[in-house]
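Keep in mind the model is a prediction, meaning the values are calculated, not measured. Counting convention: from 1, in listed order, for ligands and their atoms alike.
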Amino acid sequence: MNIILLGPPGAGKGTQAQRLVEAHGMRQLSTGDMLRAAVKAGTPVGLQAKAVMERGELVSDEIVSALIGEELDGMGPTTGAIFDGYPRTAAQAAALDAILDARGRTLDHVIELEVDEDALVERICGRFTCANCGKGYHDAFEQPREPGVCDKCGAREFKRRPDDNEATVRTRMAEYRAKTAPILPIYDQRGIVARVNGMADIDHVTAAIERIMAG
Ligand code: AMP
């Protein structure tokens, strides 16, 4: 199964993707995570992407589509893919069609997480993750059970994304509205879009996604 999770920054794509990975052994393909890893490693792609990401603008279509192709090539042919944060433009949507086609894969579902944008700024600006295992937390909504210690792996180091500040979040939202939301009709025409209320609590959103995948 190959699915796209679509929605503005902070809609919960990463959280839901991680759950699907754990429940079904699918692979999360997050271009944001790949780019952050490239920035950290100081690769040529990372050097090119760093400033763009800090501004909240979009990295070039060629770069992200190449990352996705490479990642798929490293996966077993029967492992399901969850595209998280990709595609983000019409050019990327077209590239993904070709990438999947070349690998004998088809797109099963595009799941749009519908959210209230005003609530997203609060969601994003309070979020942080375990530096070791990546488990997500939030200042207001989900602190570790024992302060300063990760619930999942016991690590004591946490990190925040440099682009999770209000000014950058506003740019990321504007990019979403201008370039990403307009790709939905492409998938609507194929009859593969399902919409989920992304403001519901995390378990409800997961259950709704599971129903779509089962049906
Ligand atoms: P994300 O983790 O998905 O919020 O992505 C963080 C940042 O990485 C974005 O604000 C963009 O600068 C860049 N990025 C991630 N995925 C893409 C993509 N598919 N196309 C262009 N830029 C991307």
- request: Name the closest protein heavy atom to atom 7 (C) of ligand 1, giving the residue it belongs to and the distance to 0.1 Å.
  value: Met53 CE, 3.9 Å

task: Can you spot which of Gln18, Lys13, Gln28 makes a side-chain hydrogen bond (donor to acceptor under 3.5 Å, both in side chains) with Asp84?
output: Gln28

query: Backbone or side chain, does any N or O of Val64 fall under 3.5 Å from an N or O of ligand 1?
result: no

- line: Of Val205, Thr206, Val115, Leu5, the one forming a side-chain contact (heavy atoms from CB on, under 4.5 Å) with Val196 is Val205

- prompt: Judging by distance only, is a nitrogen or oxygen of Arg36 under 3.5 angstrom from one on ligand 1?
  reply: yes

message: Heavy atom to atom 14 (N) of ligand 1, shortest distance: which of Thr31, Ile124, Leu35 holds it?
response: Leu35

- request: Determine whether the side chains of Asn197 and Glu114 contain a donor N or O and an acceptor N or O closer than 3.5 Å.
  value: no

field: Shortest reach to atom 6 (C) of ligand 1 by a heavy atom, considering only Glu57, Arg172, Lys179, Arg161
entry: Arg161

task: Give a yes or no on whether Lys50 atom NZ has more than 12 heavy-atom contacts from other residues, nucleotides or ligands under 6.0 Å away.
output: no

query: What do you reckon, does Gln92 have a nitrogen or oxygen under 3.5 Å from a nitrogen or oxygen of ligand 1?
result: yes

- prompt: Taking the six-membered ring for Trp, are Tyr86 and Phe83 parallel (under 30°), tilted (30 to 60°) or perpendicular (over 60°)?
  reply: tilted

field: Protein residue, atom and distance nearest to atom 15 (C) of ligand 1, heavy-atom basis
entry: Arg88 NH1, 3.4 Å

message: Among all the protein's non-hydrogen atoms, which is closest to atom 22 (N) of ligand 1, and how far away is it?
response: Val59 N, 3.0 Å

